[in-house]
Trainee: 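Below: one structure in structure tokens.
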Amino acid sequence: MDSKGIINIELLFCTLIVMMLLIVNLPMIENGLGSKIEIHENSEGRFLVNNIADSINEVNSKEYGFRKKIKLPESVDGNFYRIIINDKEAIVEFNNKKGKSAINPIMLVDSSNKTIEKMELYNGRTYLIEKTLINDNETNAINQSSIFIRQVEH
């Protein structure tokens, strides 16, 4: 019997087995890469919202008049986002996802020193976080600690 024919059949059989293994494993490899990308996006969003919450907590723990400027990045891993600040947490929203970070309870105020429920921060902008005293007769909040966040130019 010809030994070259047996080698060619074995080579063909091995090639067929390798191709079948690749076809079966390719979706698993693709899913693994997709998961890593999603984890990276989520961790960037979480890092951003944690930094903002930490900045608000830092300002809130200082004396009245203390200020801190924060510059938000243009995107979270190439995605536009927004940050929502309320009296208990900071929330980042992007790609139909949400990430939350708790903050010490605060009273948010607007530029006229009136209490507000929430505030939105947007990508690529610079904000000044300031600890103030609130004097809102409508809510009976007199000389209470509050946080004022406003957009500034660089």
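If you're wondering where the values come from, they're calculated on a predicted model, not measured in any experiment.
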Trainee: Can you name the nearest heavy-atom pair linking Ala53 to Ile103, along with the distance?
Mentor: CB-CG2, 3.3 Å
Trainee: What verdict does the side chain to side chain contact (heavy atoms under 4.5 Å, CB included) test give for Val49 and Lys100, after you've listed the backbone C-alpha separation in whole Å, the side-chain angles of each residue and the deciding distance to 0.1 Å?
Mentor: CA-CA 7 Å; Val49 78; Lys100 298 179 181 182; over 6 Å; no
Trainee: I need the minimum non-hydrogen distance between Asn123 and Phe80, along with the two atoms involved.
Mentor: ND2-CD2, 3.0 Å
Trainee: In terms of hydrophobic clusters joined by side-chain contacts under 4.5 Å, are Val24 and Leu16 together?
Mentor: no
Trainee: So how far is it from Thr15 OG1 to Glu10 CD, rounded to the nearest 0.5 Å?
Mentor: 11.5 Å
Trainee: Which heavy atom of Lys131 sits nearest to which heavy atom of Ser145, and what is that distance?
Mentor: CE-OG, 3.0 Å
Trainee: Is any side-chain N of the basic residue among Lys68 and Glu58 closer than 4.0 Å to the acidic one's carboxylate O?
Mentor: yes
Trainee: Quick one, Ile147 and Val109 - any side-chain contact, counting heavy atoms below 4.5 Å?
Mentor: no
Trainee: I'd like to know whether Ile91 forms a side chain to side chain contact (heavy atoms under 4.5 Å, CB included) with Ile85, so could you lay out the CA-CA distance, the side-chain angles of the two residues, the decisive distance to 0.1 Å, and finally the verdict.
Mentor: CA-CA 6 Å; Ile91 304 163; Ile85 308 292; over 6 Å; no
Trainee: Ignoring hydrogens and geometry, is there a side-chain-to-backbone donor-acceptor pair from Asn50 to Phe47 under 3.5 Å?
Mentor: no
Trainee: Would you give the length of the straight line joining atom OH of Tyr127 to atom CD1 of Ile52, rounded to the nearest 0.5 angstrom?
Mentor: 9.0 Å
Trainee: Walk me through it: do Leu108 and Phe148 pass the test side chain to side chain contact (heavy atoms under 4.5 Å, CB included)?
Mentor: CA-CA 6 Å; Leu108 285 171; Phe148 173 53; over 6 Å; no
Trainee: CD of Glu74 to CZ of Arg125: how many Å apart, nearest 0.5 Å?
Mentor: 10.0 Å
Trainee: Looking at Ile129 and Ile70, what are the two nearest heavy atoms and their distance?
Mentor: CD1-CD1, 3.9 Å
Trainee: The test is side chain to side chain contact (heavy atoms under 4.5 Å, CB included); show your working for Ile84 and Glu93 and say whether it passes.
Mentor: CA-CA 8 Å; Ile84 300 169; Glu93 293 179 348; 3.6 Å; yes
Trainee: Distance from Lys71 atom NZ to Thr126 atom OG1, nearest 0.5 Å?
Mentor: 4.5 Å
Trainee: Within this structure, what is the CD1-OG distance for the pair Ile149 and Ser55, rounded to the nearest 0.5 Å?
Mentor: 9.5 Å
Trainee: Examine distances only and state if a side-chain atom of Ser146 and a backbone atom of Thr132 form a donor-acceptor pair shorter than 3.5 Å.
Mentor: yes
Trainee: Could you give the distance from CD1 (Ile83) to OG (Ser101), rounded to the nearest 0.5 Å?
Mentor: 10.0 Å
Trainee: Does any N or O in the side chain of Asn86 come within less than 3.5 Å of the main-chain N or O of Lys88, such that one atom is a donor and the other an acceptor?
Mentor: yes
Trainee: Could you check whether any side-chain N or O of Tyr81 sits under 3.5 Å from a backbone N or O of Pro73, counting only pairs where one atom can act as donor and the other as acceptor?
Mentor: yes
